[in-house]
Protein chains: 2
Amino acid sequence: MADSNALQGLIQALRRLPGVGVKSASRMAFHLLQHDRDGARALAAALAQASATVKHCERCHTFTEAPVCSTCLDPRRDGTRLCVVETPADQSAVERTGAYRGLYFVLMGKISPLDGIGPHDIGLKHLFERASDGVVAEVILATNFTAEGEATAHIISEGLRERGLQITRLARGVPAGSELEYVDLGTIAHALVDRR
Amino acid sequence: MADSNALQGLIQALRRLPGVGVKSASRMAFHLLQHDRDGARALAAALAQASATVKHCERCHTFTEAPVCSTCLDPRRDGTRLCVVETPADQSAVERTGAYRGLYFVLMGKISPLDGIGPHDIGLKHLFERASDGVVAEVILATNFTAEGEATAHIISEGLRERGLQITRLARGVPAGSELEYVDLGTIAHALVDRR
């Protein structure tokens, strides 16, 4: 596409974004250079800024620019409950429900043997220490209901079992607003077992 | 997603990329910060570099860092033929066929009345000057076969009609490798009319 090394370099760099192939990268580069150079400069600045300043919260591991994030520092939070999620996006989803006022631990990943990611890679040791602070009484496992998320939840509950903590898992069941006819059978079977 | 202004700024900046919504932008930001900070820095540098150095070729309008692109400067090219395309990506597609050795004019857009883009916005005046250089004998209209591309081709052919140039359009027909059953009827109708 044209004879510009800077343009080729930009297309290659855009391909490092997840889910962006060569066609998408070309379209993005074309759009930015033809219609939105301000956007290109703003994105360059935001990338440099975030790369330099965003760290992990020392207590819950989520992204923050401070040593400890504002959620962990909030005195109105219930420190006896610790909700374990895979990513900041999952944390945000739990947060948006408004139904949880405890603290979080963000794994920043999940155990995935197929990708060679084991318990050590996602820092479970740090979680076990965090859960043993003497305040936490209940650990709520809110990893995803995928094979990897379930395996991660299983390994965490194994690791925490002997510490006298209550270990719970998000309820499985039929999603709100759904029709039974279109819900997969595994979900219906779980909802039957956990009926109340 | 976490409490970081730099992260929020990065997500907002990523949303300026075409086809990227808030979920994709969050996933991209998360991936770069968690797994590929080198990639984030490389992308920041590539964006700044391309924004600063990539210009338009004075002759064909494609992206280049030089005043005139290498294609326009290539003495082995046939200067009597000028192929008009919408974007550098389209130019690249024609180039990859290996079937064309003439020069190009890249519109960097198309006429789109619905988006308020008229003949002036895509620099047709510059194309008419370029085509009137006394060397160009044939203008090949290779705009896309969409409503906007057809309208653009029509307006260009109207504008060039009185200049004694041969105006041609890419042939319409059944794509190589396709089965008639799955080809739309308009395409088959055109292929029947243009049969040879």
Side-chain angles (χ1 to χ4, degrees), chain A residues 1-14 16-20 23-24 26-57 60 62-66 69-71 87-89 91-92 106 108-109, chain B residues 1-7 9-14 16-20 23-24 26-57 60 62-66 69-71 87-89 91-92 95 106 108-109:
Chain A
M1 170 160 157
D3 67 336
S4 162
N5 289 329
L7 180 60
Q8 293 300 335
L10 177 55
I11 292 170
Q12 289 307 314
L14 284 166
R16 292 178 81 153
L17 294 171
V20 175
K23 290 224 172 186
S24 298
S26 300
R27 202 175 60 240
M28 288 172 174
F30 177 78
H31 173 83
L32 289 175
L33 292 175
Q34 183 67 11
H35 302 294
D36 194 11
R37 292 212 184 199
D38 283 346
R41 281 185 283 263
L43 180 53
L47 283 161
Q49 170 79 0
S51 296
T53 63
V54 175
K55 299 186 295 269
H56 293 291
C57 171
C60 77
T62 198
F63 288 129
T64 178
E65 284 155 84
C69 75
S70 60
T71 306
T87 65
Q91 178 187 12
S92 171
V106 186
M108 300 308 249
Chain B
M1 175 158 160
D3 67 337
S4 162
N5 290 329
L7 180 58
L10 176 55
I11 292 170
Q12 289 306 315
L14 284 165
R16 292 178 81 151
L17 294 171
V20 175
K23 291 224 172 189
S24 299
S26 300
R27 203 175 62 241
M28 287 172 173
F30 178 78
H31 172 83
L32 289 175
L33 292 174
Q34 184 66 10
H35 303 294
D36 194 12
R37 293 213 183 199
D38 284 348
R41 282 184 284 265
L43 179 53
L47 283 161
Q49 170 81 0
S51 296
T53 62
V54 175
K55 299 186 294 265
H56 292 292
C57 170
C60 76
T62 197
F63 287 129
T64 178
E65 283 155 85
C69 76
S70 60
T71 305
T87 66
Q91 178 187 12
S92 171
E95 210 43 21
V106 185
M108 301 305 246

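Residue numbering restarts at 1 for every chain, and letters A, B, ... go by the order of the sequence lines.
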Looking at every non-hydrogen atom in both residues, tell me the closest pair between A:L14 and A:A29 and how far apart they are.
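Minimum heavy-atom contact is CD1-N, 3.7 Å.
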Minimum-distance pair of heavy atoms, taken over all atoms of B:Q91 and B:T62
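So the minimum-distance heavy-atom pair works out to OE1-OG1, 3.1 Å.
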Using the rule given for side-chain contact (heavy atoms from CB on, under 4.5 Å), can you reason through A:Q49 versus B:N5, listing the C-alpha separation, both sets of side-chain angles and the distance that settles it, and then say yes or no?
CA-CA 10 Å; A:Q49 170 79 0; B:N5 290 329; over 6 Å; no
Part of B:L32 within contact of chain A (heavy atom distance under 4.5 Å):
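Side chain of B:L32 only, per the 4.5 Å heavy-atom cut-off to chain A.
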Interchain contact, [X] with chain B, by part (heavy-atom threshold 4.5 Å):
{"X": "A:S51", "value": "both"}
{"X": "A:L10", "value": "both"}
{"X": "A:V20", "value": "side chain"}

Specify which of [options] makes the most heavy-atom pairs with chain B at under 4.5 Å.
{"options": "A:L33, A:V106, A:T53", "result": "A:L33"}
{"options": "A:R41, A:M28, A:H31, A:Q12", "result": "A:M28"}
{"options": "A:M108, A:H35, A:K23", "result": "A:M108"}

Output yes when a side-chain donor or acceptor of A:E65 lies under 3.5 Å from a complementary backbone atom of B:A6, and no otherwise.
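Between the backbone of B:A6 and the side chain of A:E65 there is a qualifying donor-acceptor contact (under 3.5 Å).
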Kindly say whether A:T64 contributes a backbone atom to a donor-acceptor pair with the side chain of A:K55 at under 3.5 angstrom?
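The answer is no, because no donor-acceptor pair under 3.5 Å joins these two groups.
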Look at the aromatic rings of A:H56 and A:F63 and report parallel, tilted or perpendicular, splitting at 30° and 60°.
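Judged by the thresholds at 30° and 60°, the geometry between A:H56 and A:F63 is parallel.
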Heavy-atom pairs under 4.5 Å with chain A, option from B:A44, B:G19, B:A42 with the top count:
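The answer is B:A44.
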